Amino acid sequence: MKYFTKEWYELCQKTSFHFSLEEDQQAEKFSEEFFQQVYDNELQSWLDLQEEIHHHLVTNHGHTETFDREKEEANFHDSFLYNYEHIKKGLPENILNEIADLRVFALNKASHTVIDVVTKFCEENKRIIEDVGENFSKYYKNASKSFTPEIVENFAFHDCTVVKTVQNGSSLTIQFDTLGGFTDINEITFENMKILKQDSALDEAWWLYEEIYKIDDKYEFHVLLQNQYMELIDFIIEADHVSFTQDKE
């Protein structure tokens, strides 16, 4: 990938840390008592919401299970831990050092200074991401003039899942589950192809972004995918021709 690289995609995940933050002066200093207070308040809000949803299901949809408070408390705690680790991995060390208690930050409370620094970090990441998107659009607008109309119209599998890959001599067929995608093309075959790069198996991987290049009389298709282990995959394949099969259902 020349535009939608792994680094670019990882930066996409670092643009929203500031969205839910609420300013609280007490977050300026580490306090076990304050953390517990915030945690208990957020937990209660979560339980109230889940109980309201449960009551709605019982009243309107014949739901018969009783509300499981312990289960929802565990769900909240799991969500809190996930958010904590996501923030710890996503924010740079200089910002993490500004945060008095990352647990409090993971519960969306922060000081004015921290909110300001995190917001600038996220907005700069967003600017970089959008610049890359605009540069690719400029490239593609010109380059696509040399592509066949079939490729321009059909080579777009964002949010599709690879179901199966089948290699037959010099051809490779990829079959898709298009649920959640934006296409009804569920199969593509690369003919007289050569795989130039493939980080790992494509089966069950989520198709994220694609780029197309025309080099002499051949096409190069660059794809970024993510497998079930959340690992990013670079896949580059060269082919003389591609054909598409449309879902008939």
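Not measured: the values here are computed from a predicted model.
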So does [Y] get a backbone contact from the side chain of [X], meaning a donor-acceptor N/O pair under 3.5 Å?
{"X": "D240", "Y": "E191", "answer": "no"}
{"X": "N83", "Y": "A106", "answer": "yes"}
{"X": "N97", "Y": "E93", "answer": "yes"}
{"X": "D116", "Y": "H112", "answer": "no"}

Original post:
Salt bridge or not for R127 and E130, using N-O below 4.0 Å?
Top reply: no

**OP:** Salt-bridge test for E124 and K14: reply yes if a basic N is under 4.0 Å from a carboxylate O, no otherwise.
**Re:** no

Answer yes or no: is there a side-chain heavy-atom contact under 4.5 Å between [X] and [Y]?
{"X": "L107", "Y": "F35", "result": "yes"}
{"X": "T165", "Y": "D203", "result": "yes"}
{"X": "F67", "Y": "Q50", "result": "yes"}
{"X": "F147", "Y": "Y219", "result": "yes"}
{"X": "C122", "Y": "V118", "result": "yes"}
{"X": "H54", "Y": "E72", "result": "no"}
{"X": "I188", "Y": "F176", "result": "yes"}
{"X": "V104", "Y": "D24", "result": "no"}

Heavy-atom closest contact ([X] atom, [Y] atom, distance):
{"X": "F221", "Y": "A239", "result": "CE1-CB, 4.3 Å"}
{"X": "V166", "Y": "K164", "result": "CG2-CE, 3.8 Å"}
{"X": "C160", "Y": "G181", "result": "SG-CA, 4.0 Å"}
{"X": "L202", "Y": "L225", "result": "CD2-CD1, 4.1 Å"}
{"X": "I129", "Y": "C12", "result": "CD1-CA, 3.2 Å"}
{"X": "F136", "Y": "E211", "result": "CE1-CG, 3.6 Å"}

Original post:
Do H86 and F17 have ring centroids that are under 6.0 Å from one another?
Top reply: yes

**OP:** Determine, stepwise, if the pair L208 / Y9 fulfils side chain to side chain contact (heavy atoms under 4.5 Å, CB included).
**Re:** CA-CA 9 Å; L208 299 173; Y9 184 76; 3.7 Å; yes

Working to the nearest 0.5 Å, report the span between [atom1] of [X] and [atom2] of [Y].
{"X": "Q36", "Y": "N41", "atom1": "CD", "atom2": "CG", "result": "10.0 Å"}
{"X": "N75", "Y": "E70", "atom1": "CG", "atom2": "CD", "result": "12.0 Å"}
{"X": "L224", "Y": "H158", "atom1": "CG", "atom2": "NE2", "result": "10.5 Å"}
{"X": "T245", "Y": "I174", "atom1": "OG1", "atom2": "CD1", "result": "12.5 Å"}
{"X": "E22", "Y": "S20", "atom1": "CD", "atom2": "OG", "result": "8.0 Å"}
{"X": "I185", "Y": "T178", "atom1": "CD1", "atom2": "OG1", "result": "9.5 Å"}

Hydrophobic cluster membership, with links at side-chain heavy-atom distances under 4.5 Å among I/L/V/M/F/W/Y: are [X] and [Y] in one?
{"X": "V132", "Y": "F121", "result": "no"}
{"X": "L232", "Y": "I236", "result": "no"}
{"X": "F155", "Y": "I195", "result": "yes"}
{"X": "I128", "Y": "M1", "result": "yes"}
{"X": "W207", "Y": "I151", "result": "yes"}

Heavy atoms from other residues, nucleotides or ligands near [atom1] of [X] exceed 12 (cutoff 6.0 Å):
{"X": "H63", "atom1": "NE2", "value": "yes"}
{"X": "K120", "atom1": "NZ", "value": "no"}
{"X": "K214", "atom1": "NZ", "value": "yes"}
{"X": "F30", "atom1": "CZ", "value": "yes"}
{"X": "N168", "atom1": "CG", "value": "no"}
{"X": "L179", "atom1": "CG", "value": "no"}

**OP:** Determine the sole option in H241, Q167, K218 for which the side-chain contact (heavy atoms from CB on, under 4.5 Å) test with M193 is passed.
**Re:** Q167

Do [X] and [Y] have a side chain donor and acceptor closer than 3.5 Å?
{"X": "N227", "Y": "E231", "result": "yes"}
{"X": "Q44", "Y": "D48", "result": "yes"}
{"X": "D159", "Y": "W206", "result": "yes"}

Original post:
Does the ring of Y213 carry K2 above it, NZ/CZ under 6.0 angstrom from centre and within 45° of its axis?
Top reply: yes

Subject >> Intermediate values then yes/no, side chain to side chain donor-acceptor pair (under 3.5 Å), D184 and Q246 >> reply: CA-CA 6 Å; D184 55 4; Q246 186 172 341; 2.8 Å; yes

**OP:** Determine, stepwise, if the pair H77 / Y39 fulfils side chain to side chain contact (heavy atoms under 4.5 Å, CB included).
**Re:** CA-CA 9 Å; H77 188 66; Y39 186 93; 2.9 Å; yes

Original post:
How far apart are the C-alpha atoms of H56 and H61, what are their side-chain angles, what is the distance that settles it, and do they pass the side chain to side chain contact (heavy atoms under 4.5 Å, CB included) test?
Top reply: CA-CA 8 Å; H56 175 78; H61 300 283; 3.9 Å; yes

Original post:
Going through the distances and angles, do I212 and Y140 end up as a side chain to side chain contact (heavy atoms under 4.5 Å, CB included)?
Top reply: CA-CA 8 Å; I212 310 171; Y140 192 76; 4.0 Å; yes

